[in-house]
**Student:** 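Have a look at this one before I ask anything.
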Amino acid sequence: MASSSSQYPLKDELDIVIPTIRNLDFLEMWRPFFQPYHLIIVQDGDPSKVIKVPDGFDYKLYNRNDINKILGPKASCISFKDSACRCFGYMVSKKKYIFTIDDDCFVAKDPSGKDIDALRQHIRNLLHPATPYFFNTLYDPFTDGADFVRGYPFSLREGVPTAVSHGLWLNIPDYDAPTQLVKPRERNTRYVDAVMTLPKGILFPMCGMNLAFDRDLIGPAMYFGLMGDGQPIGRYDDMWAGWCVKVICDHLGLGIKTGLPYIWHSKASNPFVNLKKEYKGIFWQEEIIPFFQDAILPKECTTVQTCYLELSKQVKDKLGKIDPYFVKLSEAMVTWIAAWEELNPPTKAANGK
């Protein structure tokens, strides 16, 4: 008979973070996979609304009042009326690993019709090394039935620690508003049985709806920015975090994997509402991406926190010229780190090495 630890790996070392504005009925589908784990639920919007959680789950729910009480003035760095509020859950967690999922994401099935245990695959990704310095054409060499191909340097086969596992989605693709508008009926039906490491120096658009990471290795950089209510931009929260995380992972010698696991993304958000949120970001990203591509962190930055604070200075100096929003964002990045260190004293923080 399987032990509890093998059936539910990292049960005592992982929190599941869920941002929501509605009752969490979707958890019933995930019960076989999630029930033994602790859930951190971050309630977005009106704190007086009662959010119902199915019986039998171990959870802690935080609303805006809780965020204000815990962080005080520093609560200004946590987005309001936007799923970016989820990063508050990363901050208050005391576990080594985080898995975050949206409440419109259901259990997907593999080509054989079997339910996919997304959490188990994320854990597998995180517990095996990544290979950012040399691309293995047979995808992840640490997957069962795969290995390093001929010509792969033996000196690089040990790999580096995996900081982030980025999962994908069946059914509704993660498209921006213009693509949604021109492809309203497009669905992702392709299941690609593969995981790969993102090469060093290459950015990617990180999606936060099916994501896991090693909080000790990269947690302080997983800030989803200032989005939503009162901000000129939305729907760039996870991507902003992804760009920052990738630059810092490259600097500290950490890896990021993408591919499996899949979840079933059940509903498309309104493309016209999305266009309003993304409008400025669509223009701004043409300058944001080159900024991150060119970003260099000095050797003195040896922790995630010092890397992130250095990045905040560069955001202010270089992106602040685009719009005053980026000055405000850079200040929020500094506030985020101050709040993180207040709740997670630096003496306990991993230095990424």
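Values reported hereafter were calculated over all heavy atoms of this structure, with side chains retained and with hydrogens, waters and symmetry mates removed. For clarity, every value in this text was computed on a predicted model and none was experimentally measured.
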**Student:** After noting the C-alpha distance and the side-chain angles of Asn210 and Phe99, does the key distance pass the side chain to side chain contact (heavy atoms under 4.5 Å, CB included) rule?
**Tutor:** CA-CA 8 Å; Asn210 174 24; Phe99 171 53; 3.6 Å; yes

**Student:** For Phe135, does the CZ atom have more than 12 heavy-atom neighbours from other residues, nucleotides or ligands under 6.0 Å away?
**Tutor:** yes

**Student:** According to a hydrophobic-cluster definition based on side-chain heavy atoms being under 4.5 Å apart (Ile, Leu, Val, Met, Phe, Trp, Tyr only), do Leu10 and Leu260 belong together?
**Tutor:**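 Yes, Leu10 and Leu260 fall within the same hydrophobic cluster.
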
**Student:** Are Lys60 and Tyr62 in a cation-pi setup, meaning NZ or CZ lies under 6.0 angstrom from the ring centre and within 45 degrees of the ring axis?
**Tutor:** yes

**Student:** Is the shortest side-chain heavy-atom distance between Tyr37 and Trp30 below 4.5 Å?
**Tutor:**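 No, their side chains stay 4.5 Å or more apart.
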
**Student:** Say whether Ile282 and Leu203 are linked into one hydrophobic cluster, either directly or through other cluster members, by side-chain heavy-atom distances under 4.5 angstrom.
**Tutor:**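 Yes, Ile282 connects to Leu203 through the hydrophobic network.
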
**Student:** Taking the side chain as every heavy atom from C-beta outward, state whether Asp229 and Asp82 have any atom pair closer than 4.5 Å.
**Tutor:**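 They are not in contact (no side-chain heavy atoms under 4.5 Å apart), so the answer is no.
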
**Student:** Would a 4.5 Å heavy-atom cut-off, applied to side chains only, mark Leu343 and Leu71 as touching?
**Tutor:** yes

**Student:** Heavy-atom distance under 4.5 Å between the side chains of Ile256 and Met206, does that happen here?
**Tutor:**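 Ile256 does not reach Met206 side chain to side chain.
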
**Student:** Given side chain to side chain contact (heavy atoms under 4.5 Å, CB included), test Asp250 with Val247 step by step and report yes or no.
**Tutor:** CA-CA 5 Å; Asp250 285 352; Val247 169; 5.9 Å; no

**Student:** Within the supplied structure, the quantity of interest is the number of heavy atoms (other residues, nucleotides, ligands) at a distance under 6.0 Å from Lys267 NZ; does it exceed 12?
**Tutor:** yes

**Student:** Answer yes or no: is there a side-chain heavy-atom contact under 4.5 Å between Trp340 and Gln305?
**Tutor:** yes

**Student:** Testing Asp237, Asp44, Asp102 for side chain to side chain donor-acceptor pair (under 3.5 Å) with Arg86, which one passes?
**Tutor:**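 So the option named by the test is Asp102.
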
